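To keep things clear, I will list the structure first and then write my remarks on it.
Positions are given from 1 along the sequence. For clarity, every value in this text was computed on a predicted model and none was experimentally measured.
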Amino acid sequence: MKKNILLSIFSGLLLWVAWPPTHYTTIMLLIGFVPMLVAVENIIKSDVKSKGKKIFHIAFLGFFVWNVLCIYWVYNALKIIGPVTAIPITLIPYSLGPVLMATACWLYYRLRLKANRTISLVGLVCFWIGYEYLHQSWDLNFPWMTLGNGLATTHQWAQWYEYTGVYGGTIWIWAINILVFLIYIGLRESQAKTIRLKLIVSLVLVFILPLSFSLYTYYQYQEVPNPSNIVVAQPNIDPYEKEGTVPSAEQINILTKLCDSIGQRNTEYFIWPETAIVKDMDEDRIRTEQPYLQVKRFLERFKNGNVITGGETHKFYVNRATGTASPLEDGSAFYDRFSAAINIENSDKVQFYHKSRLVPGAESLPFGNALSFIKPVFEHLGGATGAYGMQSEPSVLYSQSGIGATPVICYESLWGEWVAKSVRQGSQFIAVITNDGWWGNTSGKDQHLDYAKLRAIENRRWVCQSANTGISAFINGRGDIVQQSKWWVRTALKQDINLNNSLTFYTEHGDYLPKTGSALAVLGMIFLLIRIKRNSRDAK
């Protein structure tokens with residue numbers, strides 16, 4: 001048992017060393033699961049009791065090590081509530097992913113009882129993809145550790161994401177790990193040489209063909225010239241001082257001075273970070289709000305300019321128009337609060353996008369519909385009962401000249417299909433606005449930037465990222481970081497990007513791979529339930 005524990009921990013350490021933002025170690029992802037698979041195989045072949053429980057525990061241990069070491073920075077964002085109090089709350093994101101990963105391994109074991117090893121390993125990949133798709137789709141979403149994200153630092157290997165999205169990477173990584181595992185097990189079990197040769201040939205082909213295609217695509221890719229001048233600002237205001245300590249007007253002055261210093265007559269977009277405007281604004285009366293008027297005065301010097309800025313907004317309703325709406329204290333109306341991206345231009349037109357992939361707990365009430373019965377309790381206590389409102393579909397923000405931008409707020413940049421839906425609507429580049437300073441100078445901000453490269457590849461669109469205190473950057477259509485700021489530096493960056501109107505296969509079809517994999521995983525679980533019930537009936 002001790003050997004299996006060490007194998008599991010070793011697997012977690014290999015996966016951690018290979019994970020972004022570490023460079024030059026990505027290759028370890030292709031063998032990182034092998035020790036874990038060997039540990040699971042050892043338990044299956046042993047005479048111990050409760051094999052399923054032991055496999056779950058062994059798998060959870062290794063995946064917990066991997067997850068905690070990769071997303072340790074989550075604690076930094078929560079410790080404001082108290083260094084000790086934050087520990088049990090932090091254990092939720094640290095543990096939830098490993099629980100789902102270990103469940104996939106447990107289902108693999110259950111399938112092994114009913115099918116051969118080859119079919120069961122295919123089932124393992126489907127169960128894993130099912131877990132990843134669930135973890136980006138349900139109310140406790142946190143797809144940070146989706147396996148395909150692991151290729152972000154070696155984006156030259158992931159150019160085929162324009163066809164598959166990150167789930168293609170998940171399948172590729174698992175396929176190589178499984179083939180290496182089968183070759184190792186074959187040596188241990190004195191496998192026939194012909195079978196071993198077939199496995200080795202398969203391994204070489206599965207590794208070489210996608211990699212060669214990706215490298216060829218990377219070096220042959222050329223953008224169609226269609227320049228637009230963009231400025232991204234990084235005001236570098238301490239996130240703990242943004243509300244209250246530094247007045248809203250002063251924060252906007254900082255942003256306008258940064259943009260004024262490098263803006264050109266032909267600058268189309270000035271992109272400001274999430275929560276750049278901290279004053280809560282009424283969307284229906286925004287043209288009378290002081291921050292809006294301040295931005296309008298700045299734009300007088302840039303007649304074709306637009307500002308995409310993050311801001312806090314609200315909207316009033318005569319009744320509970322949405323599931324997230326809360327009543328006013330006097331009960332006269334309802335309102336929604338939004339984390340918004342606002343497009344302001346040299347006309348009276350204002351466009352809004354409401355952040356829709358919300359942080360569970362901090363920005364949304366998980367399973368709000370199922371827990372709607374407790375809303376009156378929160379309301380009676382004076383609390384918001386859905387935190388932020390959202391919109392059901394992504395949207396595009398258009399400039400006066402017709403340029404379309406996909407607004408992406410904070411960790412929404414992890415949702416490939418959500419971004420792709422916006423691009424399908426006419427977006428020509430992606431604008432990521434974020435405030436990664438909550439995490440401190442940790443790998444969280446670097447991982448976030450690396451993942452943005454994958455959105456650029458999937459859609460062949462430039463990504464322009466404006467961070468308050470994270471890293472601001474420009475990323476071209478093949479995933480190269482062309483410019484980036486340093487951490488904790490007040491600055492602005494200027495770049496002529498190439499706008500793109502063409503659609504990739506992934507942009508058009510979205511997450512077809514995880515949907516298919518999840519459907520197969522459900523079928524596999526139904527098969528297991530039927531067999532378990534049949535065996536139980538036969539036993540009686």
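Using cut-offs of 30° and 60° for the angle between ring planes, the His135 and Phe142 rings count as perpendicular. The aromatic rings of Tyr133 and Tyr167 sit perpendicular to each other, their planes meeting at more than 60°, with 30° as the lower class boundary. Under the 30°/60° scheme for interplanar angles, the aromatic rings of Tyr451 and Trp144 are found to stand perpendicular. Relative orientation of the Phe64 and Phe60 rings is parallel, given thresholds of 30° and 60° on the angle between their planes.
The stretch residues 5-29 participates, sequence neighbours left out, in these ring pair (Phe, Tyr, Trp, His ring centres under 6.0 Å) pairs: Trp19-Trp66. Pairs passing the salt bridge (charged side-chain N to carboxylate O under 4.0 Å, His left out) check and including a residue from residues 59-77, sequence neighbours excluded, do not occur.
Judged by the 6.0 Å and 45° rule, Arg337 forms a cation-pi pair with Tyr388. Geometrically, Arg478 engages Tyr218 in a cation-pi contact, judged by NZ or CZ lying under 6.0 Å from the ring centre and within 45° of the ring axis. Geometrically, Arg455 does not engage Tyr161 in a cation-pi contact, judged by NZ or CZ lying under 6.0 Å from the ring centre and within 45° of the ring axis. The side-chain tip of Lys445 points at the ring of Trp487 from less than 6.0 angstrom away and within 45° of straight on.
Side-chain contact check for Gln234 and Ser485: at least one donor-acceptor pair (N or O, by modelled atom type) lies under 3.5 Å.
Ionic pairing of Glu363 and Lys355 is present here: one or more N-O contacts between side-chain nitrogen and carboxylate oxygen are shorter than 4.0 angstrom. A salt bridge is absent between Arg461 and Glu162; no separation between the charged side-chain nitrogens and carboxylate oxygens falls under 4.0 Å. Between Lys515 and Glu417 there is a salt bridge, with a side-chain nitrogen of the basic residue lying less than 4.0 Å from a carboxylate oxygen of the acidic one.
Separation of the Trp128 and Phe33 ring centroids falls under the 6.0 Å cut-off.
For the side chain to side chain contact (heavy atoms under 4.5 Å, CB included) with Thr469, the lone residue among Asn435, Asp436, Asn441 that qualifies is Asn435.
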